[in-house]
Amino acid sequence: MRVKYVLLLLLWILPAHAQVAADKVDQIRKELFNPASGKVLVAAHRGDWRNACENSLEAIENAVQMGVDIVEVDLARTKDGHLILLHDNTLDRTTTGKGKPEEYTLAEIKKMRLRNGCHIKTVYKIPTLEEALLTAKGKVMLNLDKAFDYFDQVYELLEKTETTNLVIMKSNAPAEDVKRDYGKYLDKVIFMPKVNLDDKDAIQKLNDYLRVLKPVAIEFKFAHDTNLLPYEVKKIMTGKSHIWYNTLWNTHAGGHDDDCSLANRDKGYGYLIDNLGATILQTDRPAYLIDYLKHKSKVMDCNRDWTYLQSENEFQAPSVSHFTVEECFLKGKQSSQTNEDGMIVTPYFAAVIDGATAKSTFTYDGKKTGRLAMELALEAIRDFPKDIDAAGAISRITEKIHDFYVEHNLLDELKAEPGKRFTANGVIYSYARNEVWQVGDCQCIIGNLYSSNEKEIDAIMANARAVVNEVALLDGATLKDLESHDPGREFIYPFLQKQALLQNCPVEGQHFAFPVFDGFPVQMKQVNIFSVGDAEEVVLSSDGYPHLYSTLRESECYLVDILEKDPLCMRLYKSTKGVQKGNCSFDDRAYLRIKMK
């Protein structure tokens, strides 16, 4: 009786389990075939190879268990024509075998064993593609790399194993060639083209793929984020196809790779998703990416009482004829009187100016140097001629601050001691020029383009501060202690004063040089000048937001999450300063979103 009951229970459970598995693949395909879906799909490169042998059945199973959507595997062919999973041209690195796979029969291949990431022999065998298909069936999709030359043979196995819905084939072959040679499969198997955005004909290839093949996704790569094509790609692909980027190493995604994400996930994964429109990321750290996506979803869905955005706002934007202020928010970390951030909106300009934290004791009318620099910059912008260019505008702000030095007999002292200068960063929108000018580390979003312009030297100092504070904690200090006394800040402070030698530095090739408004000539080569083009919105912000988003609420949600989890700004978000006792944030903040009429 008991055996009969168990059998009946199994008969009831197994179909239900099969249905759940089938639903998983159907759901992934639903997202793939919906170009408007914003859900980010996770692809595990060679499976979960950090915890299992790459291209093994175990690596696929591990990836399934952690919840990935796609597993990427590589194909090779044996001497007797069987397709196996293998990345390299030889067996040497990942198996106990030697030589090329085409020199061995499948029977001989099966006598070999896989090696793990430390090149240690394991008990696991080299799988065939058929075994991989059956392992993945109903659980996860497979992206087949190095498989295009075996398309016909692959399709035979898909039919045999009833897994045609499971596979993504990919290649950088010309669109017309793919349609001619494999068109009979393209309504049954997903084909994904690959485009290198560093190639001169990249956009032509992209348009050919969209016109001829209408793929559900396209894989892109670019070596450096100075390449502006990824932003153009986002525009072209919107509503047509999904964007796939690989975060395996820096030259695949302009430096926004897994390693970058380990230091700051928003500058790695977040940049590709939010700024470049990626909805599929292939990673060597799938568990880490999945965790980030869960965290990001929770942060961006934060439920708050938003009335403070009006009641605590220190800026009221005027109505102007050429553009509309959609959102604005200005708030000092301590008070409106000490706020060193400022903003201005005139009929032809909108700007955010961020006064730098004072490195001297000088005050004028109770105002520190950062506040003075900000106010002087705003005064200059208020008097700009409507058609002034970037160089002319920056020169006028410089002159305004310089004249203040002369008027108050400060010029000789500040020539000799750059660390005492009145210093500000800024980002300015010009309606007449249809441009945004970025001086220093203020942030901007122009349509799809995002620029934080973070100074490399600040990142170095932020890491140094974090290390010193972590040592203090190990030495017995508490996080509460560090709010009142920040040894990391004290450690880097002397250098923060000295690094003023790098601001507006005219020395050719000085890697750490950066531009600021400080009353001395700005090197225009260090200034970012962005064309607004046909972008409908522009967002300008100070660096008081750890990461800038296209809406004020998203930017505030992210900031609040950081301040709740890492108020000292030394772990989740590394800064040269944290939230000091009595302050509401680590820095003043200014946010201005304008829409073109």
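In what follows, every heavy atom counts, from backbone to side chain, and hydrogens, waters and symmetry copies are set aside.
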Query raised in the report: If you look only at pairs with a residue in residues 373-423, which of them pass as a disulfide bond (SG atoms under 2.5 Å apart), with sequence neighbours excluded?
Result: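 Of all non-adjacent pairs touching residues 373-423, none passes disulfide bond (SG atoms under 2.5 Å apart).
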Query raised in the report: Which pairs with one or both residues in residues 314-418 pass disulfide bond (SG atoms under 2.5 Å apart), sequence neighbours excluded?
Result: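 Not a single pair qualifies under disulfide bond (SG atoms under 2.5 Å apart).
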Report task. Of all the heavy-atom pairs spanning Val299 and Tyr558, show the shortest one and how long it is. Result ->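 So the two residues come closest at CG1-CA, 3.8 Å.
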Requested in this report: Would you name the heavy atoms of Ala390 and Ile529 that are closest together and state the gap between them?
Outcome: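 Looking at all heavy atoms of both residues, the shortest contact is CB-CD1, 3.7 Å.
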Tell me which donor-acceptor pairs under 3.5 Å the side chains of residues 349-359 have, and how far apart each pair is, sequence neighbours excluded?
| residue | atom | partner | partner atom | Å |
| --- | --- | --- | --- | --- |
| Thr357 | OG1 | Lys577 | NZ | 2.7 |
| Lys359 | NZ | Thr357 | O | 2.7 |

All side chain to side chain contact (heavy atoms under 4.5 Å, CB included) counterparts of [X], not counting sequence neighbours:
{"X": "Ser451", "answer": "Gln438, Cys444, Leu449, Asn453, Asn528, Phe530"}
{"X": "Thr324", "answer": "Glu326, Lys597"}
{"X": "Asp257", "answer": "Asn250, Asp259, Cys260"}
{"X": "Ala202", "answer": "Val195, Leu197, Leu229"}

Under a 4.0 Å N-O cut-off, is there an ion pair linking [X] with [Y]?
{"X": "Lys455", "Y": "Asp458", "value": "yes"}
{"X": "Asp274", "Y": "Lys234", "value": "no"}
{"X": "Glu556", "Y": "Arg304", "value": "no"}

Query - Separation between CD1 of Ile273 and OH of Tyr245, rounded to the nearest 0.5 Å - result: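 These two atoms lie 12.5 Å from each other.
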Query raised in the report: Which word best sums up how the rings of Tyr591 and Tyr545 line up, parallel for under 30°, tilted for 30 to 60°, or perpendicular for over 60°?
Result: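 Because their plane-to-plane angle is over 60°, the rings of Tyr591 and Tyr545 count as perpendicular.
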Report task. Give me the ring orientation class for Phe422 and Phe404: parallel if the planes are under 30° apart, tilted from 30 to 60°, perpendicular past 60°. Result ->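 The arrangement is tilted - the two ring planes meet at 30° to 60°.
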Query raised in the report: Side chains of Gln499 and Leu496: closer than 4.5 Å at any heavy-atom pair?
Result: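 Contact flag for Gln499/Leu496 side chains = yes.
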Requested in this report: Measure the shortest side-chain to side-chain distance between Ile394 and Phe517 over non-hydrogen atoms and say whether it is less than 4.5 angstrom.
Outcome: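 Ile394 vs Phe517: side chains touch.
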Query - With Cys302 via disulfide (SG to SG under 2.5 Å) - residues at least two apart - result: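 In terms of disulfide (SG to SG under 2.5 Å), with neighbours along the sequence ignored, Cys302 is linked to Cys557.
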Requested in this report: Please say whether more than 12 non-hydrogen atoms of neighbouring residues, nucleotides or ligands are located less than 6.0 Å from NE2 in His408.
Outcome: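 Atom NE2 in His408 is crowded, with more than 12 foreign heavy atoms closer than 6.0 Å.
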Query raised in the report: Under 6.0 Å from the NZ atom of Lys294, do we count more than 12 heavy atoms belonging to anything else shown?
Result: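 It does not: Lys294 NZ has 12 such atoms or fewer within range.
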Side chains of residues 365-378: which donor-acceptor partners sit under 3.5 Å, not counting sequence neighbours?
| residue | atom | partner | partner atom | Å |
| --- | --- | --- | --- | --- |
| Lys367 | NZ | Glu375 | OE1 | 2.9 |
| Lys367 | NZ | Glu375 | OE2 | 3.3 |
| Arg371 | NE | Glu375 | OE2 | 2.8 |
| Arg371 | NH1 | Ser336 | O | 3.0 |
| Arg371 | NH1 | Gln337 | O | 3.4 |
| Arg371 | NH1 | Asn339 | O | 2.7 |
| Arg371 | NH2 | Glu375 | OE2 | 3.3 |

**Report entry** Partner residues of Glu537 under the salt bridge (Lys or Arg N to Asp or Glu O under 4.0 Å) criterion, sequence neighbours left out
**Finding:**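 Salt bridge (Lys or Arg N to Asp or Glu O under 4.0 Å) list for Glu537, sorted by chain: Arg593.
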Requested in this report: Output all residues satisfying ring-ring contact (aromatic ring centres under 6.0 Å, His included) with Tyr431, sequence neighbours left out; order by chain, then residue number.
Outcome: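 In terms of ring-ring contact (aromatic ring centres under 6.0 Å, His included), with neighbours along the sequence ignored, Tyr431 is linked to His322.
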**Report entry** Donor-acceptor side-chain pairing of His547 and Gln443 below 3.5 angstrom
**Finding:**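 On atom types as modelled, these side chains do not qualify, holding no pair under 3.5 Å.
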For residues 283-291, which side-chain donor-acceptor pairs fall under 3.5 Å, sequence neighbours excluded?
| residue | atom | partner | partner atom | Å |
| --- | --- | --- | --- | --- |
| Thr283 | OG1 | Asp258 | OD1 | 2.8 |
| Thr283 | OG1 | Asp258 | OD2 | 3.2 |
| Thr283 | OG1 | Arg285 | N | 2.7 |
| Asp284 | OD1 | His45 | ND1 | 2.7 |
| Asp284 | OD1 | Trp49 | NE1 | 2.7 |
| Tyr288 | OH | Ser261 | O | 3.0 |
| Asp291 | OD2 | Arg265 | NH1 | 2.9 |

